[in-house]
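Some notes on the structure that comes next.
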2 protein chains.
Amino acid sequence: MVLDERKLRILSAIIDDYVETASPVGSRTITRKYNMGVSPATIRNEMSDLEELGYLDQPHVSAGRVPSTKAYRLYVDMLLSGARRPIGEDREALQYFTERITQMEDVVQTAAQAVSELTHLTALVMMPGQPTMRIATLQLVPMPRGSALLVIVTDSGIVRDTVIRVSDQLDMDALYTISRMLTETLAGHTLREAQEMLDAYAARSTADQRVLMGVRNLAVQMARQSSVDSVSVDGTHHILNYPEYSDVEKARAFLSVMETRDKLLSVLRSGSGTVTVRIGSEVGLEELGDCSLVTAPFQLGGGFGSIGVLGPMRMPYDRVIRTLSTIGQAMTEIFGSEEIS
Amino acid sequence: MVLDERKLRILSAIIDDYVETASPVGSRTITRKYNMGVSPATIRNEMSDLEELGYLDQPHVSAGRVPSTKAYRLYVDMLLSGARRPIGEDREALQYFTERITQMEDVVQTAAQAVSELTHLTALVMMPGQPTMRIATLQLVPMPRGSALLVIVTDSGIVRDTVIRVSDQLDMDALYTISRMLTETLAGHTLREAQEMLDAYAARSTADQRVLMGVRNLAVQMARQSSVDSVSVDGTHHILNYPEYSDVEKARAFLSVMETRDKLLSVLRSGSGTVTVRIGSEVGLEELGDCSLVTAPFQLGGGFGSIGVLGPMRMPYDRVIRTLSTIGQAMTEIFGSEEIS
DNA sequence: TGTTAGCACTCTCGTTCGTTGAGTGCTAAC
DNA sequence: GTTAGCACTCAACGAACGAGAGTGCTAACA
């Protein structure tokens with residue numbers, strides 16, 4: 001059964017009002033605030049129908065109505081498909097985001113911050129693992145006091161560095177020669193291969209073991225860190241601003257789920273290649289109760305990452321969708337061009 | 001007036017019990033749990049004296065007693081000075097911390113995480129600004145698709161990188177030559193000097209402006225970021241576990257103070273070169289109400305940073321002090337040696 | 001003089017019980 | 001199909017009240 005025009009308008013008004021006020025919506029409120037041109041009694045009849053159809057819930061008989069999961073689903077589907085889709089980019093979001101990006105390594109963190117700041121919700125970002133990442137370059141940069149900074153760059157543009165101790169006879173040129181040799185040997189190999197090669201070489205070589213082991217250890221660590229999907233979270237504190245979480249127990253439950261990265265990863269991984277909205281039980285984290293998760297994809301080195309927000313089912317879906325898809329696209333571009341400023 | 005031995009024991013017991021249970025302590029509790037060898041009535045007389053002296057407060061006449069700020073002050077002073085000082089390192093903390101340190105840039109973040117995880121309180125770390133930081137080395141590392149990773153290392157061991165676009169005719173050797181030239185020119189100069197030199201040079205040179213501008217921009221950005229003290233925060237969510245913050249309004253007030261870095265900086269900067277405990281109004285953030293701030297210093301490039309925890313006045317000061325001073329020392333060592341693994 | 005038992009007293013906390021008010025569903029009239 | 005009217009329901013709020021924890025005081029005791 002499809003809803004007629006007036007029922008849709010009423011349902012939409014109820015959702016809008018509830019998203020704004022967080023309290024059950026009565027028939028008089030609808031007539032006053034959203035002047036429908038009909039009396040409260042008429043609205044009541046329609047609301048009664050909508051409740052029968054499963055679009056509205058009634059906390060108790062003398063309260064107003066609250067949108068059900070099904071209502072949000074309908075509302076969001078209209079947003080995502082029909083002509084109402086929030087087209088166009090969120091200029092504010094784009095500006096906010098690009099202004100703050102500086103370091104390559106910070107893109108994910110910055111994106112999460114931007115999203116949580118703009119939506120006042122908790123932001124989640126999933127970075128896809130890069131198990132087949134290969135070494136592109138490797139360089140030793142001199143540092144004071146017999147140390148050197150080892151920088152490894154991979155073909156997907158991931159940079160990692162660590163400080164290792166080296167013989168203090170090695171000057172900039174000597175370090176460059178070693179870097180060049182190591183790059184020639186290891187470039188094009190995966191991190192695990194590099195580890196094996198270095199182990200084998202170190203065993204029968206008399207060269208400076210500290211450099212070799214330093215490279216080996218960083219490669220191992222990079223392989224470990226980068227082969228699995230990772231997730232970062234920002235803006236968890238926003239949840240306290242919602243009356244749904246004025247109960248400290250609920251707030252704590254929410255925050256403790258945010259600490260368990262595994263669960264977050266599993267729900268973020270299941271996102272498709274487009275903007276996805278999951279409502280209530282669709283989220284798949286029953287500890288959270290009634291939450292919604294909106295995610296947008298971004299591309300990184302052949303895989304898909306996901307950026308999203310998690311919050312009460314009562315959220316301004318249109319704005320959230322627009323912000324997320326804008327930021328997602330911006331991230332895809334950044335990772336694609338591998339250039340920042 | 002100095003407290004006699006028994007009064008001290010009773011006061012100490014009250015503090016211990018209150019730190020543990022968060023509820024006012026009655027005379028019977030003291031006799032039962034901390035067997036004092038005297039009856040509740042005697043304890044009551046002593047408690048009455050302690051209240052008169054300002055060491056105890058009574059929320060209302062039929063509740064037990066609660067330690068006052070003055071009581072915590074006495075308790076902490078005994079910890080910090082006398083023979084009761086929590087000597088020795090916190091092995092657990094040291095292990096937890098060193099296990100997790102990998103990247104040089106992450107030391108601060110890792111330290112904050114370790115502290116908040118170990119103490120179950122909110123951790124704060126202040127990094128002192130390095131306004132006179134000088135360039136030590138500068139290197140361009142080849143990356144795919146006409147890009148290069150620019151790495152600047154300063155004499156205090158700060159590493160920063162960014163990706164810049166370069167002519168795709170530049171191979172590893174060419175980039176090294178440029179790096180060498182730039183290093184020779186700029187090493188030993190401050191970041192601001194480097195910026196001016198590059199501006200002047202770029203104006204009259206026909207060399208690849210993109211490289212010069214890339215270096216310039218990173219130098220400017222490093223100067224901006226590093227000349228001011230910075231602060232990072234971790235574990236704000238722990239506050240919800242304390243009944244003092246079961247009121248959502250209070251929790252929100254706390255979290256919003258944690259968002260205002262300026263205020264945090266000003267209180268962290270005022271720490272001395274030793275472990276400092278500030279209790280209640282001594283903290284200097286009246287928005288927080290009754291909090292305590294414990295800080296330990298660490299050394300970084302000639303300046304002093306500060307690592308601390310912020311939580312309810314009711315906190316296990318001995319453990320917190322031991323953990324913080326251990327981590328502070330570990331950080332000093334790490335920054336001093338400029339080596340990690 | 002310090003310690004202790006006994007007891008009246010105080011005050012919070014949780015419960016119960018009306019009262020109030022928002023909002024509904026139904027009926028009858030338009 | 002719409003609307004006014006009205007009885008009805010139920011959460012929220014506040015007052016009243018009993019239970020319990022803990023105190024201060026007094027008088028007896030070592």
Side-chain angles (χ1 to χ4, degrees), chain A residues 3-11 13-15 17-18 20-68 71 243-244 246-249, chain B residues 1 3-11 13-15 17-18 20-68 71 243-244 246-248:
Chain A
L3 302 182
D4 63 38
E5 177 63 24
R6 192 171 70 184
K7 280 199 173 55
L8 270 181
R9 271 186 66 207
I10 292 172
L11 185 56
I14 291 172
I15 293 176
D17 200 77
Y18 186 68
E20 188 191 333
T21 67
S23 49
V25 187
S27 53
R28 277 195 56 207
T29 311
I30 298 297
T31 48
R32 253 183 315 169
K33 279 176 67 176
Y34 300 86
N35 54 333
M36 290 280 162
V38 289
S39 79
T42 310
I43 302 288
R44 277 207 290 282
N45 289 330
E46 296 284 45
M47 284 166 89
S48 186
D49 289 354
L50 285 166
E51 184 174 356
E52 191 129 345
L53 291 167
Y55 290 104
L56 293 177
D57 290 330
Q58 206 168 12
H60 53 87
V61 70
S62 73
R65 302 309 212 286
V66 167
S68 69
E244 285 89 337
S246 60
D247 178 9
V248 178
E249 274 313 311
Chain B
M1 148 148 199
L3 301 181
D4 63 37
E5 177 64 23
R6 192 171 69 184
K7 281 198 173 57
L8 270 181
R9 273 185 65 206
I10 292 171
L11 185 55
I14 292 172
I15 293 177
D17 200 76
Y18 186 68
E20 186 189 336
T21 66
S23 49
V25 187
S27 53
R28 278 196 55 208
T29 312
I30 298 296
T31 46
R32 254 183 313 168
K33 281 177 67 176
Y34 301 85
N35 54 333
M36 292 279 164
V38 290
S39 78
T42 308
I43 302 288
R44 278 205 290 283
N45 289 329
E46 296 285 43
M47 285 166 88
S48 187
D49 291 352
L50 285 167
E51 185 175 354
E52 191 129 345
L53 292 166
Y55 291 105
L56 293 178
D57 291 329
Q58 205 167 11
H60 53 87
V61 70
S62 73
R65 301 308 212 288
V66 166
S68 69
E244 285 89 338
S246 61
D247 177 10
V248 178

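- Remark: Ile30(A) CD1 to Thr42(A) OG1 distance equals 13.0 Å, nearest 0.5 Å.
- The structure places CE of Met36(B) at 9.5 Å from CZ of Arg6(B), a figure rounded to the nearest 0.5 Å.
- Here the P atom of nucleotide dT2(D) and the CD1 atom of Ile43(A) are 10 Å apart, to the nearest Å.
- Protein atom CG of Asp49(B) is 14 Å distant from nucleotide atom C1' of dT23(D), rounded to whole Å.
- In this structure, dA29(C) forms a base pair with dT2(D), meeting either the Watson-Crick or the G-U wobble geometry with both donor-acceptor distances under 3.5 Å.
- You'll find that the side chain of Ser62(B) is closest to dT10(C), out of dG21(C), dA4(D), dT10(C).
- For the pair Arg6(B) CZ and dG2(C) C1', the interatomic distance rounds to 8 Å; values are reported in whole Å.
- Nucleotide dT24(C) holds its C1' atom 15 Å from the CD atom of Glu52(A), rounded to whole Å.
- Comparing dG24(D), dT9(D), dT4(C) by their nearest atom to the side chain of Val61(A) picks out dT9(D).
- Separating the CG atom of Leu56(A) from the P atom of dT24(C) is a distance of 11 Å, rounded to the nearest angstrom.
- As rounded to whole Å, 11 Å separates atom C1' of dT2(D) from atom CD of Glu46(A).
- In this model, the phosphate group of dT3(D) is not approached by any side-chain N or O of Arg28(A) to a distance below 4.0 Å at OP1 or OP2.
- Taking atom CD1 on Ile30(B) and atom P on dG22(D), their separation rounds to 11 Å, with Å as the unit.
- Atom P of nucleotide dT9(D) and atom NE2 of His60(A) are separated by 15 Å, given to the nearest angstrom.
- Side chain of Met47(A), nearest nucleotide from dT24(C), dT23(D), dT4(C): dT24(C).
- Residue Lys7(A) is tested with Leu11(A), Ile10(A), Asp4(A) for a side-chain contact (heavy atoms from CB on, under 4.5 Å); the sole match is Asp4(A).
- Where Val25(A) and Asn45(B) each meet DNA chain C at their nearest nucleotide, the meeting point lying more 5' is that of Asn45(B).
- Taking 4.0 angstrom as the limit, Thr42(A) places a side-chain polar atom (N or O) nearer than this to OP1 or OP2 of dT3(D).
- One distance of note links CZ of Arg65(B) with CZ of Arg44(B); it measures 9.5 Å at 0.5 Å rounding.
- Remark: Arg44(A) is not in phosphate contact with dC26(C), judged by side-chain N or O atoms under 4.0 Å from OP1 or OP2.
- Looking at Ser68(B), its side chain does come within 3.5 Å of a backbone N or O of Gly54(B) through a donor-acceptor pair.
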